[in-house]
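This is a predicted model, so every value here is computed, not measured. First listed ligand is number 1; within each ligand, the first listed atom is number 1. All values below were derived from every heavy atom in this structure, side-chain atoms included, with hydrogens, water molecules and symmetry-related copies excluded.
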Amino acid sequence: MSFIRTSRHILHPDSGMSLPEGEVTPRGVHEGRRGLLRGLGAGGLVGAVGVGSGGLLSVGEALAQGGAAVKRPGKLAALPSVRSAVVGAYAMDKLTPHEDVTTYNNFYEFGTDKSDPAENAHTLKTRPWTLVIDGEVGKPQRLGLDDLLKLAPMEERIYRMRCVEGWSMVIPWVGYSLSALIRKAEPTSRAKYVEFTTLADPKQMPGVRSSVLNWPYVEGLRLDEALHPLTLMAFGLYGEVLPNQNGAPLRLVVPWKYGFKSAKSIVRMRLVEREPVSSWTQAAQREYGFYSNVNPKVDHPRWSQATERRIGEGGFFTPRKATLMFNGYEAQVGQMYAGMDLSKFF
Ligand code: MTE
């Protein structure tokens with residue numbers, strides 16, 4: 001997310017839009033292939049295989065079913081997973097190359113330029129790590145990373161991710177539905193929302209010393225959104241544990257909302273009665289509202305939301321793609337917003 005106080009902007013010659021400088025830096029041409037396993041012979045090509053009613057499928061079977069076995073780069077620990085049965089868990093678009101997913105990031109705790117997180121996030125210590133679940137719950141939890149990794153079967157899900165700045169990616173995440181975690185804590189009848197708080201340690205995170213946002217980074221979801229099967233607690237991507245710059249060791253992925261809702265490096269989930277106030281809402285209420293569902297018909301005060309630039313697919317002059325309502329997940333999530341006025345930004 002570029003922010004008015006820090007980002008340098010450049011005018012887009014086609015749309016007249018003002019884009020953050022990081023977005024117009026020419027990028028190399030990437031392979032950008034679909035990323036399905038072509039064969040299992042070579043070392044490191046483990047990734048995920050599918051699961052059917054009878055158990056694990058062979059990679060060949062998974063591929064025949066359009067499965068999600070994704071080549072993993074082999075730099076981080078493998079995070080094996082099974083094919084997700086959640087409807088909508090697979091965007092059939094071309095995967096964004098791993099290099100782009102892991103070098104073009106927003107993680108302001110490590111700096112505001114897109115390349116800062118990849119350069120600086122090596123100082124993040126992801127073990128030991130504790131997630132606290134408290135507030136309006138019958139069974140408050142303090143869960144260590146090993147417990148979290150075992151809590152539910154890891155699934156691979158290929159989601160579109162749309163940033164409010166007008167760019168998008170297609171990322172093969174590994175994780176499980178957030179609902180598995182929330183249900184473990186047994187929400188009370190007063191729980192209406194979930195507030196997510198992320199790590200803010202100036203010793204590990206140089207960006208936290210700047211006042212670009214009120215730290216820690218806080219985000220929120222309505223409880224039904226948090227319990228929706230598409231809402232993912234991700235622990236990995238491309239068949240490996242999350243790289244630090246992508247929000248290790250665990251981050252939220254809410255594919256029908258603008259990317260800033262997907263909080264990284266989460267340390268606390270508090271179930272609450274009142275709508276949480278996010279860090280971005282505190283910074284600019286007119287620009288970053290609570291719902292922030294992707295909507296091509298409603299522009300952000302500074303950026304049109306009608307189209308998007310798919311990172312890793314050509315350069316600056318490549319035609320932009322039309323943005324889809326709810327980022328293409330309308331059939332799955334649209335009914336949650338029935339009766340709401342969607343014509344206002346956020
Ligand atoms: N979470 C934290 N803790 N800090 C951040 O700065 N940036 C958000 C979101 N989660 C952010 C965060 C924004 S603006 C986006 S677009 C996504 O993370 C980017 O995720 P990615 O870098 O893995 O693509």
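In terms of polar-atom proximity, Y104 is not counted as a contact of ligand 1, lacking any N or O under 3.5 Å from an N or O of the ligand. Taking any N or O of N105, backbone or side chain, at least one lies under 3.5 Å from an N or O belonging to ligand 1. For W173, no nitrogen or oxygen atom sits less than 3.5 Å from a nitrogen or oxygen atom of ligand 1, counting backbone and side chain alike. At least one N or O atom of E109 sits closer than 3.5 Å to an N or O atom of ligand 1. For ligand 1, none of its N or O atoms has an N or O atom of Q245 under 3.5 Å away.
Put simply, the side chain of Y258 does not reach to within 4.5 Å of the side chain of W280, judged on heavy atoms.
Remark: ligand 1 atoms within the under-4.0 Å shell around heavy atoms of T198 are 3 (N). Numbered from 1 in the order shown, with element, the atoms of ligand 1 that lie under 4.0 Å from a heavy atom of F107 read 2 (C), 3 (N), 4 (N), 5 (C), 6 (O).
Under a 4.0 Å heavy-atom criterion, E219 is not in contact with ligand 1. Heavy-atom distances between S265 and ligand 1 stay at or above 4.0 Å for every pair. Under the 4.0 angstrom criterion for non-hydrogen atoms, K261 is not in contact with ligand 1.
Between the side chain of Q141 and the backbone N or O of K139, at least one donor-acceptor pair lies under 3.5 Å.
Contacts between M161 and ligand 1 below 4.0 angstrom, taking non-hydrogen atoms only, involve the side chain exclusively. By the criterion of a heavy-atom distance under 4.0 Å, neither the backbone nor the side chain of P117 is placed next to ligand 1. Contacts between F260 and ligand 1, counted as non-hydrogen atom pairs separated by less than 4.0 Å, involve both the backbone and the side chain. With a 4.0 Å cut-off on non-hydrogen atoms, E165 does not touch ligand 1 at all.
Ring geometry for F260 against Y288 counts as perpendicular: the plane angle is over 60°, on a 0 to 90° scale with 30° as the lower cut. Ring-plane geometry between F107 and F110 is classed as perpendicular, the angle between the planes exceeding 60 degrees on a 0 to 90 degree scale with a lower cut at 30.
Taking both residues in full, the closest heavy atoms of P206 and T123 are given as CD-OG1, 4.5 Å, listed atom of the first, atom of the second, then distance.
When R320, K321, R162 are each tested for a side-chain hydrogen bond (donor to acceptor under 3.5 Å, both in side chains) with E308, only one passes: R162.
Remark: Y329 pairs with no residue by the side-chain hydrogen bond (donor to acceptor under 3.5 Å, both in side chains) rule, at least two apart or across chains. Residues meeting the side-chain hydrogen bond (donor to acceptor under 3.5 Å, both in side chains) test with D147, sequence neighbours left out: none.
Taking the ring axis of F196 as reference, the NZ or CZ atom of K264 does not stay both within 45° of it and closer than 6.0 Å to the ring centre.
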